Amino acid sequence: MTGELGQLALCFALALSLVMAVAGLIGTRTEANTARRVATSSALGFLVFIVLSFAALTYAFITSDFSVALVAGHSHTLKPLVYKISGVWGNHEGSMLLWVLVLALYAGMVALLQRGGERLTSGALGVQGLLAAAFILFILFTSNPFLRLDPAPFEGAGLTPLLQDPGLAMHPPMLYAGYVGLSASFSYAAAALLVGEAGWARAARPFMLIAWIALTCGIALGSWWAYYELGWGGFWGWDPVENASLMPWLIATALLHSALATEKSGAFRTWSLLLAIAGFSMSLIGTFLVRSGVLSSVHAFASDPARGFFIMVLIALAIGGALALFAWRAPTLQGGAAFEPASRETALLLNNVFLVAACACVFAGTLYPLILDALNGTKITVGPPYYAITFAPIFFALLLLVPFGPQLGWKRGDLKAVWHSLYPALGLAAIAAIAVLAIVAPRTIAATGAFAVAAWLIGASIIDVRKRKGARASAFAAALAHAGLGITLMGVAGTTAWRSEAITVAAPGQSFTVGPYTLRFDGVSRVKGPNYIADRAHIAVMDGGKPGAVLQPEHRLYPAEGQDMSDTAIRTTGLRDLYLALGDERGDGRFALRAYVSPLAPLIWIGGLIMALGGMLSLWGRLRAPAREPAAPPVAQAAE
Amino acid sequence: MNAKKKRRLAFAAALVAVGAVLAVLIRYGLGQNIMYFHSPADVAAGGVSEGVAFRLGGLVEKGSVTHGAGAEVKFRVTDGKGSVPAEFVGVLPALFRENQGVVATGAMDAHGTFIAAEVLAKHDEKYMPPEVVAALKKSGRWKEGAE
């Protein structure tokens, strides 16, 4: 029964989203409040029914109801409960339902918070309703998660072991909260174009922040998962799927900065609108790339051409429609306010130029192989070296300029004074560069430069914090986020430049070294997990000839799924990771082993977390502030 | 020309300049750093030069995997039309199997052996790298639904 209830709830949600779309759009034009009230209540009703539908599917997974085809195809009775739940979105149909659930949550927030003018909110709900209806139609017609199987099988097929991992259980919801969160900014921007209201940047700010925080966490989580799960010690491979999450993040970051200028000084009015459209467009393209099966990866669920085609039409309508609206309405809006060359606006402009350029590089590198394949069937891949010569220098230039932004005043700033105030950060950068050159081998220009820039960023953030002593907590958000960037950079530079690697085939009792560690392989034992059988290696870290800590990387076989995978063992000091992966058996009890020592690796994700904390601090300040523009025009003040 | 028009013109000029620099950078980057995919049949036909990095994909030939004393592994990659000997030093992915799909990056050496720098196996038994599927279809070894 629950399957049918879930489908019924989804149909009701479709009806309500259509009501929300029509009422919301009418509400942008009428004097009376009726349509707007209908839009608000139907948004909440839509949310309720999507939650019901999602709950029904989750219930089917928890109770292992194999009469639902999706559950039979992707679950198993022996799976731990948490992976039964995460199995809901570990497949194409369920993940699309999760997508719509997140969309509904944002629509609900827009309806409840009622930020901005009533016509603006109404328009935003209308656009959100259109998106929701399109995606629910997509689910019902091409990817129905509630289809039945008759007869129901006795046991399910299980979930890819790679996805049976706590990090990856959380990764999709987090990333979707980010992807789909950009739909709120998109809807507000489209509504602003319809209504002609300039206050949208302030109204949509919390949604931009939530989306950005979620994207930051989602990317960090995905990268962390790749690091400890895939067994090659890498944290970022410029894989198209990773790029698909990076592109919306780059645009969302640009949008956060430009919308701030739009809100505080009236600059970049039309540009911010365009970025809001571009941000969600990147999310949609990312979804298409990841889900349509055009890319070869674990993420590609759908291989049904009808789905790819449907998503493509959907994307074309959403992006094309928004851009047409932009071309039609943007010229009628008030132009951006003027500013001096030395001002916060110029700094934010440069920020946007670099971020969008960086995104363009990633976009070209990701799509070029697809275009070439479509044109003449030539199959190529674009590897990390491409990004090293395009993305890296652009991002590096951006990082050099970051410290100036928060220090400069709006409209007109004093560049000389800012430059003077940044001297200590410059000194710190010089010290960092010299220290890196003097202490650590091997010496590389890239690592030296990266540490200097990281010190420059962190130093400038400290200066910023000292300057704002006594200000509201949210005034420190930018400093925190920028410092987090510096910390991530140190982690990336540290592991890239100074990682040591040992690949060995060892017999039990044999020792080998990696970096400063001597390790002894003490053989392999067979252990039984909840739904797998594993070869567990015992590897002792030798401390002056005596065995100290023991690391136990595993090689697991999942009989239900008929698949095997490796589980790495990582021992971290917080500043350095010792990383071990167990490879294949090479006869006579000998096993291939892979060991890495990754200096500063944890900083990559700690930095990401700090960036997200910066976002949360800003969000907290925002939600406490009034949603509408204050009566007095804001004077040059601390950035948020 | 008033100040506002001037500003707009300067802005447009700057935008074009930035776009041009970006286009050149991307073009240069793509020109230098793309890696082609070749099937064993392509290699057999002599379509691959020595020392040029590419991705080789196909099935791991049955009975071809041999281990050396250290971490080195030798195997052959086949698509039914061609069969390329490959050498790899390192840890093979958990899903590396005889008669299963594999994609490796590397280059041919002077003796016609593929020296693999990286070996990627498919992620699960349902998944086959699309390049491998295309190569197998081309060589007639692909059977729909026979996985």
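All values reported here derive from a predicted model rather than from experimental measurement. Chain A is the first sequence line, chain B the second, and so forth, proteins listed ahead of strands; every chain is numbered from 1.
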Worksheet item: If every non-hydrogen atom of B:Ile26 is compared with every non-hydrogen atom of A:Ala360, which pair is closest and at what distance?
Response: CD1-O, 3.9 Å
Item to complete: Pick one of side chain, backbone, both or neither for A:Tyr386, based on which atoms fall under 4.5 Å of a heavy atom in chain B.
Response: both
Item to complete: Can you measure from NZ (A:Lys379) to NE2 (B:His38) and round to the nearest 0.5 angstrom?
Response: 12.5 Å
Worksheet item: Picking from A:Ala364, A:Ala357, A:Ala592, which has the most non-hydrogen pairs under 4.5 angstrom with chain B?
Response: A:Ala357
Worksheet item: Roughly how far apart are A:Thr378 OG1 and B:Tyr36 OH, rounded to 0.5 Å?
Response: 6.5 Å
Discussion item. Using heavy-atom distances under 4.5 Å, tell me whether A:Leu557 contacts chain B through its side chain, its backbone, both, or neither.
Written reply: neither
Discussion item. If you define the side chain from C-beta out and look only at heavy atoms, does anything of B:Leu30 sit under 4.5 Å from A:Val382?
Written reply: yes
Worksheet item: Which region of A:Arg556, side chain (C-beta onward) or backbone (N, CA, C, O), has a non-hydrogen atom less than 4.5 Å from a non-hydrogen atom of chain B, or is it both or neither?
Response: neither
Discussion item. How long is the straight-line distance from CZ of A:Arg594 back to CG of B:Leu92, given to the nearest 0.5 Å?
Written reply: 9.0 Å
Discussion item. Contact between B:Ile34 and A:Thr381 at the side-chain level, heavy atoms closer than 4.5 Å - yes or no?
Written reply: no
Item to complete: Looking only at non-hydrogen atoms, find the nearest pair between A:Gly583 and B:Val91 and report the distance.
Response: CA-CG1, 3.3 Å
Discussion item. For a quick test of reading the model, state the closest non-hydrogen atom pair linking A:Ile389 to B:Gly29 and the distance between them.
Written reply: CD1-CA, 3.5 Å
Worksheet entry | Region of A:Thr390 that comes under 4.5 Å of a non-hydrogen atom in chain B | both
Discussion item. Show the nearest heavy-atom pair for residues B:His67 and A:Glu585, with the distance to one decimal.
Written reply: NE2-O, 4.3 Å
Fill in: B:Glu118, part contacting chain A, at a heavy-atom distance under 4.5 Å
neither
Practice prompt. Please tell me if the side chains of A:Ile380 and B:Arg55 come closer than 4.5 Å, counting only heavy atoms from C-beta onward.
Written response: no
Worksheet entry | chain A contact via B:Leu22 - side chain, backbone, both or neither, heavy atoms under 4.5 Å | side chain
